[in-house]
2 protein chains.
Amino acid sequence: MTLVGNMPRFFVDSVSGNTISIRGNDAYHIGRSLRMRIGDIITVCADRVEYRAKILSISDKEVVCDVLSAEKSENEPTVNVVLYQALPKSDKMDLIVQKAVELGVYKIVPVITARCVSRPAKSGYEKRVERYNKIALEAAKQSGRGYVPEVTNFISFEECLGELKECDESFMCYEKGGVSLSKTGIAPVSEGEEKTIGLFIGCEGGFESHEAESCSQAGVTVVSLGPRILRCETAPLAALSVIMSLTGNM
Amino acid sequence: MTLVGNMPRFFVDSVSGNTISIRGNDAYHIGRSLRMRIGDIITVCADRVEYRAKILSISDKEVVCDVLSAEKSENEPTVNVVLYQALPKSDKMDLIVQKAVELGVYKIVPVITARCVSRPAKSGYEKRVERYNKIALEAAKQSGRGYVPEVTNFISFEECLGELKECDESFMCYEKGGVSLSKTGIAPVSEGEEKTIGLFIGCEGGFESHEAESCSQAGVTVVSLGPRILRCETAPLAALSVIMSLTGNM
């Protein structure tokens, strides 16, 4: 929870009818930490719609609200950027998730590439995915998103390539060069165009040349982020910022 | 020290003639940690020039090298972006300094604005400035810069306004709105144009409206980074990325 425009913001999965039910930690938080009262107004978001809602009842387990008004969130970008991030070491992914959500990412997909030092077992990875999704939720609240981007379980390079092919446009940031993002023809995207851009970023060691070749052959545009070497947690934030600017979302 | 193009990179203040002297920690590091030997080749940078140099002698206190070739660094942006950053709380400035240097900043100037919670005494601040400059040096080595951006002591809002007026172009990122950076007419800057752009970013609480007005009256363009609320450490990185892209440096 955070204050955006001085009004607490919460996310629920869906809203049907004129009543909203907030459960779990958020319910407890509304009553205990925020000490809100019946009649107080909050903002509840569900799938890019922002509801202004009045609190009807409060318990530690559930807060029930009455919908006063509903509006499409104006804070969501007009483009769905999916970040395919080669898994970095230590807790760098935490920073990437938090910042990517602030910058308007649609979904984050960790990828295991040739140079990943971090190669967790899929079975034990659920806990990390859970943590990443908590970070995404907090960042969505803090930055005023109308949608909570999902962080998925990790996928292989081949699976990533398959998903990138499905995107309307896709880019791989390659440290050994490529075209500048601003020269790729990324253009402003209007509301309702439903465009998906895939963005593939390497881990600490970057990409193997055969990975860049595979991407290129699959129709993924290989781009450069300039001559300075960006750390693997800086590159996605720089690329996302530039894409949001080029598409008219920043 | 880090490996860029597989060659260790060091910075010295200046080079005169054909001999380079590396002193202090770097000298010790070359001989002991890196175990380099006489005849090994290193890259030494001084003020945007990269020297390829051969080691002539090694001691714990000094490494002397012979200049083999000198070239203007190709990694420096064509534009000098000075980041005026309202001082944030805790260690957020560390992250800002590291990432801003990677992204090509020219200089970083901490500023005390109306909403700064962190208001250190000028007398005790030298140690923090020293740490920031160490972070800048390490980031410059890691990212392959040809120049180490300076982090200065902090200045007042009024002093900042005075400096912004001296810039060729200047921007204040205001959370309550303004024009998009991509709509301000920032254009590609050619090599040798010597353009300076001032970028003013708020702390956690953003700016007071009278600060935005003062900036506007002083000719500083008030810009928005989009509808999502960026944390104070995310905003400078997003704005720098977009400016580097618009000026043809990313």
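Here the structure is a predicted model, which is why all the values come from computation and not from measurement. Quick note on labels: first sequence line is chain A, next is B, and so on, each numbered from 1.
Ranked by non-hydrogen atom pairs under 4.5 Å with chain B, the options A/Arg231, A/Met244, A/Glu74 are led by A/Arg231. With chain B as partner, the option from A/Glu233, A/Lys99, A/Glu76 having the largest number of non-hydrogen pairs under 4.5 angstrom is A/Lys99. Interface check for chain B: of the options A/Gly226, A/Gly248, A/Ser180, A/Ala238, the most heavy-atom pairs under 4.5 Å are formed by A/Ala238. When each of A/Leu95, A/Leu237, A/Leu246, A/Thr234 is scored by its heavy-atom pairs under 4.5 Å with chain B, the top score falls to A/Thr234.
Among all heavy-atom pairs drawn from B/Val242 and A/Met250, the shortest one is CG2-SD, 4.1 Å.
Separation of atoms CD (A/Gln142) and CD1 (B/Ile229) is listed at 7.0 Å; rounding is to 0.5 Å. A/Leu230 contributes atom CG, which lies 8.0 Å from atom OG of B/Ser241 (distance to the nearest 0.5 angstrom).
Heavy atoms closer than 4.5 Å to chain B are found nowhere in A/Leu240, neither backbone nor side chain. With a 4.5 Å cut-off on non-hydrogen atoms, A/Gln98 touches chain B through its side chain but not through its backbone. In this structure, chain A has a heavy atom under 4.5 Å from the side chain of B/Arg145, while its backbone stays farther away.
In this structure, A/Arg35 places its CZ atom where only 12 or fewer heavy-atom neighbours from other residues, nucleotides or ligands lie under 6.0 Å away.
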